[in-house]
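In what follows, a structure is listed as structure tokens, so that the remarks can point back to it.
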Amino acid sequence: MTDQPFLTDVKTLRERARKHIEDGALTEGYGANRDNVVKILNEALATEIVCTLRYKSHYFRAEGINANVAAQEFLEHADQEQQHADWLAERIVQLGGKPNFSPEGLLTRSHAEFVEGETLRDMVVEDLVAERIAIDSYREIARYLGDQDPTSRRIIEEILAQEEEHADDMAGLLEGLDS
């Protein structure tokens, strides 16, 4: 422990709050490079959009004896990926950035690929691969953000936890298909 007070004195906090009020939630205490964080979050946004589209495609294209179970999983994941995209877009706006929803360059901004697959097994494999990519990249993003931007880090960590669940679900579906 240090002899330093836990909290900046209230008078200083109040004075700082009145400076640069046009920055909204971004105060002097924000430690990250905002432009870098917005760029990273826009890449994650593109990843989530691509994953939403891939899962939707798989939902509508699933065929075969196990298609109903897999299709319901694809639809649930598509909805969750869309929620992730919404969280990221909201955070980008809070940081004073512009969420990039442009379809132009979407695949180059995304960490995951859009691979449709021909069979139900192919679809599950491609979804599992994409989830594993998201898991690794979001883990790195969370580490990069660290204490510099705890709000963005928590959003990424929440998404990461769901991506791990998605990967587990896809691995279970794949095991069922291979049995």
ask   = Taking the side chain as C-beta and beyond, is there a heavy-atom pair between Phe114 and Cys51 under 4.5 Å?
value = no
note = The residue among Arg121, Arg132, Arg54 that forms salt bridge (Lys or Arg N to Asp or Glu O under 4.0 Å) with Asp127 is Arg54
request  = Measure the shortest side-chain to side-chain distance between His77 and Glu165 over non-hydrogen atoms and say whether it is less than 4.5 angstrom.
outcome  = no
message = Please identify which of these residues, Arg154, Gln80, Gln83, His84, meets the side chain to side chain contact (heavy atoms under 4.5 Å, CB included) condition with Ile159.
response = His84
query = How many angstroms lie between OG1 in Thr47 and CG in Leu41, if you round to the nearest 0.5 Å?
reply = 11.0 Å
message = On a heavy-atom basis, which atom in Ile49 and which in Ala85 lie closest, and how many Å separate them?
response = CG1-CB, 4.4 Å
ask   = Are any of the side-chain heavy atoms of Glu116 and Glu126 separated by less than 4.5 Å?
value = no
query = Shortest non-hydrogen contact from Pro99 to Leu45?
reply = CB-CD2, 3.8 Å
query = Between Asp149 and Arg91, is there a salt bridge with N-O shorter than 4.0 Å?
reply = yes
request  = Evaluate the side-chain proximity of Leu95 to Ile92: yes if any heavy-atom separation is below 4.5 Å, no if none is.
outcome  = no
ask   = Glu48 and Leu88: which non-hydrogen atoms are nearest, and at how many Å?
value = CG-CD1, 3.8 Å
request  = Taking all non-hydrogen atoms of both residues into account, name the closest pair between Ala134 and Glu163 and its distance.
outcome  = CB-CG, 4.2 Å
inquiry  = Give me each pair satisfying ring pair (Phe, Tyr, Trp, His ring centres under 6.0 Å) with a member in residues 117-158, each pair once, sequence neighbours excluded.
reply    = none
Under 3.5 Å, which donor-acceptor pairs do the side chains of residues 64-71 form with other protein atoms, sequence neighbours left out?
none

request  = Keeping the roles fixed (side chain from Arg153, backbone from Gly146), state whether a donor-acceptor pair exists under 3.5 Å.
outcome  = yes
query = With no hydrogens and no angle check, is any side-chain donor or acceptor of Asn42 less than 3.5 Å from a backbone partner on Lys98?
reply = yes
key: Separation of Asp169 CG from Glu131 CD (nearest 0.5 Å)   = 9.0 Å
query = How about Glu81 and His166: does a side-chain donor come under 3.5 Å of a side-chain acceptor?
reply = yes
inquiry  = Quick check: closest heavy atoms across Gln148 and Gly31, and the distance to 0.1 Å?
reply    = OE1-O, 2.5 Å
request  = Grab the two heavy atoms, one from Val115 and one from His58, that are nearest each other, plus how far apart they are.
outcome  = O-NE2, 3.6 Å
